[in-house]
A.B. asks: 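Submitted below is the structure of interest, expressed as structure tokens.
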There are 2 protein chains.
Amino acid sequence: MKKTTRMKILEAASEVFGDKGYRAATVRDICKKAGVNQALINYYFNSKQQLYNEIFSSIVESVAGSYPLSDFVRPEMTKEEKLKGLVITMMNRAFGLHGIGGSKARLNILSREMIEPTDAMDMYLVTRISEIRAVGYAIVTEFVGDKMSDENKFRHVLSIVGQCMFPMFENKVLMKTDLMKEPTKDNMDIMVEHIYSFSLNALNGAVK
Amino acid sequence: MKKTTRMKILEAASEVFGDKGYRAATVRDICKKAGVNQALINYYFNSKQQLYNEIFSSIVESVAGSYPLSDFVRPEMTKEEKLKGLVITMMNRAFGLHGIGGSKARLNILSREMIEPTDAMDMYLVTRISEIRAVGYAIVTEFVGDKMSDENKFRHVLSIVGQCMFPMFENKVLMKTDLMKEPTKDNMDIMVEHIYSFSLNALNGAVK
DNA sequence: TAAAAAGTTATACATTTGTTTAATAGAAAC
DNA sequence: GTTTCTATTAAACAAATGTATAACTTTTTA
């Protein structure tokens with residue numbers, strides 16, 4: 001299957017945007033990496049900004065589309081299964097991008113956007129986090145009942161979310177210091193299992 | 001106490017660098033915000049890069065200098081005290097910056113550097129995380145003994161670290177979705193207490 | 001196969017950006 | 001009070017960067 005010029009640009013641009021960020025990435029860099037003429041970005045995408053938007057949208061789409069929370073946290077499940085489902089969803093959203101093309105470009109772009117969100121990204125994040133907040137709250141409540149304050153329940157949700165998301169931001173340094181392994185499918189499974197049981201123990205301990 | 005021109009520039013530059021990142025922040029923006037002539041950045045700091053370096057170094061210094069791990073995790077402590085000491089250290093390093101000048105600028109700059117580290121920052125991070133890794137490993141071992149594999153122990157350390165650091169990256173969205181409160185001194189104390197007891201329960205549950 | 005469309009190239013253009021310069025104003029020293 | 005050093009200003013400069021253009025080549029179409 002032959003690579004079209006359009007695809008070559010998208011691929012190179014993902015790398016460069018991921019490496020350097022939108023601003024520092026230059027059109028000349030991208031075209032050089034793609035091995036195409038400099039004018040072709042404007043020919044195919046109208047502008048650098050629209051090229052970036054297309055890349056970013058596809059990332060958001062694959063993150064949001066692939067792992068709907070309702071598939072992994074369902075009413076008929078036990079509370080333990082729901083907890084694990086929540087962890088699975090978040091870990092896959094965070095690291096599901098990593099595999100594609102063996103490149104961390106997409107993951108880098110997403111991390112950047114989470115630190116310095118555009119308006120669109122900000123809205124998207126608020127929506128996603130709100131969803132996780134609500135589902136997490138319900139699960140925590142199933143474990144600890146109604147004696148715990150809502151505020152404290154939300155802190156529990158945050159602890160679970162934090163365990164899943166933090167490695168996404170700091171993966172490079174964490175791997176270098178051996179606190180985390182390469183996010184392969186197998187290692188992700190092990191991490192899911194760990195975060196699940198760590199959190200399960202925490203929740204069970206909180207209730208007594 | 002009168003503000004020197006130098007100080008005005010440093011302050012404005014911190015804001016702008018924090019808001020937009022190094023690249024997108026322009027010398028003209030900074031000088032306008034500081035209310036000084038455009039040439040003065042070069043007069044006082046030689047270049048935009050050196051201005052940034054000075055700001056960044058002072059941030060690193062205050063993070064690293066203020067909370068030495070050895071002050072909060074000491075040999076004579078119980079394992080519970082050590083665990084809490086580790087949490088206190090990380091939370092203060094992450095959010096201790098926030099108070100200064102009522103501005104989140106310094107926190108923003110640090111988050112950015114952690115995502116997209118310069119060489120100097122990379123070395124610094126590796127050093128710090130390695131230290132936390134070693135201390136965390138020792139504490140976890142005190143809780144779970146020697147039956148647990150080292151790899152699993154490190155995953156436990158990562159869970160604790162993740163809870164402390166994640167809110168630093170996503171604080172804006174987390175506050176907007178009510179998963180986190182304004183990081184005031186009081187709220188930080190509550191969060192420390194929570195992360196400590198969440199992790200304590202997890203560790204105690206893991207051992208049995 | 002000839003005409004039209006799509007793709008590609010080298011180059012130019014206009015803007016933005018960090019930095020420099022030369023002149024001026026103010027403060028300190030003697 | 002004059003001189004010398006420091007601070008500030010407006011303007012200019014040179015490099016980088018996103019985009020546009022016009023010529024050329026390849027592919028598609030009829």
Side-chain angles (χ1 to χ4, degrees), chain A residues 1-59 105 108-109 112-113 116-121, chain B residues 1-59 105 108-109 112-113 116-121:
Chain A
M1 161 174 155
K2 201 169 123 275
K3 268 190 207 171
T4 70
T5 300
R6 213 187 132 88
M7 282 164 60
K8 281 194 276 186
I9 293 174
L10 282 169
E11 224 167 86
S14 297
E15 296 281 338
V16 181
F17 284 138
D19 269 9
K20 309 199 180 181
Y22 176 77
R23 201 91 183 195
T26 75
V27 167
R28 281 166 178 81
D29 275 353
I30 294 168
C31 291
K32 191 169 186 181
K33 180 156 217 159
V36 305
N37 184 276
Q38 197 193 134
L40 292 180
I41 281 185
N42 293 278
Y43 181 75
Y44 283 104
F45 302 93
N46 295 315
S47 69
K48 177 188 178 187
Q49 183 66 56
Q50 284 184 50
L51 166 60
Y52 180 81
N53 290 347
E54 184 155 331
I55 290 172
F56 179 59
S57 299
S58 91
I59 293 175
N108 289 339
I109 292 174
R112 255 179 240 279
E113 281 280 344
E116 184 181 7
T118 55
D119 284 354
M121 182 59 177
Chain B
M1 157 173 155
K2 200 168 125 277
K3 267 189 207 170
T4 71
T5 299
R6 214 188 131 88
M7 282 165 61
K8 281 194 276 186
I9 293 174
L10 281 169
E11 226 166 85
S14 297
E15 297 280 338
V16 180
F17 284 138
D19 269 9
K20 309 199 179 182
Y22 176 78
R23 201 90 182 196
T26 74
V27 167
R28 282 165 178 81
D29 275 354
I30 294 168
C31 291
K32 191 170 185 179
K33 180 155 216 160
V36 304
N37 184 277
Q38 196 192 138
L40 291 179
I41 281 185
N42 293 278
Y43 181 76
Y44 283 105
F45 303 93
N46 295 314
S47 69
K48 178 189 178 185
Q49 183 66 57
Q50 284 184 52
L51 166 61
Y52 180 81
N53 290 347
E54 184 155 330
I55 290 171
F56 178 61
S57 298
S58 91
I59 293 175
N108 288 338
I109 292 174
R112 255 178 240 280
E113 282 280 345
E116 184 182 7
T118 54
D119 284 354
M121 181 59 177

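Fair warning: this is a prediction, and the values are worked out from it, not measured in the lab. We name chains A, B, ... by the order of the sequence lines, and we start the count at 1 in each one.
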A.B. asks: What are the bounds, 5' to 3', of the part of DNA chain D that sits under 4.0 Å from heavy atoms of chain A?
C.D. replies: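 Using the under 4.0 Å cut-off, the span is D/dT17 to D/dT21.
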A.B. asks: Would you list the pairs meeting salt bridge (charged side-chain N to carboxylate O under 4.0 Å, His left out) in which at least one residue belongs to residues 4-14 of chain B, sequence neighbours left out?
C.D. replies: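 Listed once each, the pairs are B/Lys3-B/Glu11, B/Arg6-B/Glu54.
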A.B. asks: Short of 4.0 Å, heavy atom to strand atom, which residues of residues 36-50 of chain B count as contacting DNA chain C?
C.D. replies: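 Hits under 4.0 Å, by residue number: B/Gln38, B/Ala39, B/Asn42, B/Ser47, B/Lys48.
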A.B. asks: How long is the span from the CG atom in B/Leu51 to the CG atom in B/Leu40, to the nearest 0.5 Å?
C.D. replies: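 If we round to the nearest 0.5 Å, B/Leu51:CG and B/Leu40:CG are 12.0 Å apart.
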A.B. asks: Could you work out, with side-chain hydrogen bond (donor to acceptor under 3.5 Å, both in side chains) as the rule, every residue matching B/Tyr22, not counting sequence neighbours?
C.D. replies: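 Here the qualifying residues are B/Gln49.
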A.B. asks: Within residues 17-25 of chain B, find the residues that approach DNA chain C with a heavy atom at under 4.0 Å, and present them sorted by residue number.
C.D. replies: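 The answer is B/Ala25.
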A.B. asks: Give the table of side-chain donor-acceptor pairs shorter than 3.5 Å for residues 29-38 of chain B, with sequence neighbours excluded, one pair per line with atom names and distance.
C.D. replies:
| unit_1 | atom_1 | unit_2 | atom_2 | d |
| --- | --- | --- | --- | --- |
| B/Asp29 | OD2 | B/Lys20 | NZ | 3.0 |
| B/Asn37 | OD1 | B/Ala39 | N | 2.8 |
| B/Gln38 | OE1 | B/Arg28 | NH1 | 3.4 |

A.B. asks: Looking at five pairs on each end of the helix from C/dT1-D/dA30 to C/dC30-D/dG1, what is the angle between the two axes, given to 10 degrees?
C.D. replies: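 If I round to tens, the end axes sit 10° apart.
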A.B. asks: Would you sort out whether B/Tyr44 and B/Leu10 count as a side chain to side chain contact (heavy atoms under 4.5 Å, CB included), showing the intermediate values?
C.D. replies: CA-CA 10 Å; B/Tyr44 283 105; B/Leu10 281 169; over 6 Å; no
A.B. asks: What heavy-atom pair brings B/Val16 and B/Ala25 nearest, and what distance separates the two atoms?
C.D. replies: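 So the two residues come closest at CG1-CB, 3.5 Å.
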A.B. asks: By side chain to side chain contact (heavy atoms under 4.5 Å, CB included), which residues pair with B/Glu113, not counting sequence neighbours?
C.D. replies: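 Side chain to side chain contact (heavy atoms under 4.5 Å, CB included) check on B/Glu113 returns B/Tyr52, B/Phe56, B/Thr118, B/Met121.
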A.B. asks: At what distance, to the nearest 0.5 angstrom, does CD1 of A/Ile9 lie from OG1 of A/Thr4?
C.D. replies: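 OG1 of A/Thr4 is found 8.5 Å from CD1 of A/Ile9.
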A.B. asks: What pairs with B/Glu116 under side chain to side chain contact (heavy atoms under 4.5 Å, CB included), at least two apart in sequence or on another chain?
C.D. replies: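 B/Glu116: side chain to side chain contact (heavy atoms under 4.5 Å, CB included) contacts with A/Arg112.
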A.B. asks: If every non-hydrogen atom of B/Ile55 is compared with every non-hydrogen atom of B/Ala13, which pair is closest and at what distance?
C.D. replies: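 Shortest heavy-atom separation between B/Ile55 and B/Ala13 comes out as CD1-CB, 3.6 Å.
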A.B. asks: Kindly write out the residues that satisfy side-chain hydrogen bond (donor to acceptor under 3.5 Å, both in side chains) with A/Arg23, not counting sequence neighbours, or none if the list is empty.
C.D. replies: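 A/Arg23: no side-chain hydrogen bond (donor to acceptor under 3.5 Å, both in side chains) contacts found.
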A.B. asks: Anything under 4.0 Å to a heavy atom of chain B counts; send over the first and last such nucleotide of DNA chain C, read 5' to 3'.
C.D. replies: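 Nucleotide range in contact with chain B: C/dT17 to C/dT21.
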A.B. asks: Could you work out, with side chain to side chain contact (heavy atoms under 4.5 Å, CB included) as the rule, every residue matching A/Gln50, not counting sequence neighbours?
C.D. replies: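 Expected list: A/Asn46, A/Ser47.
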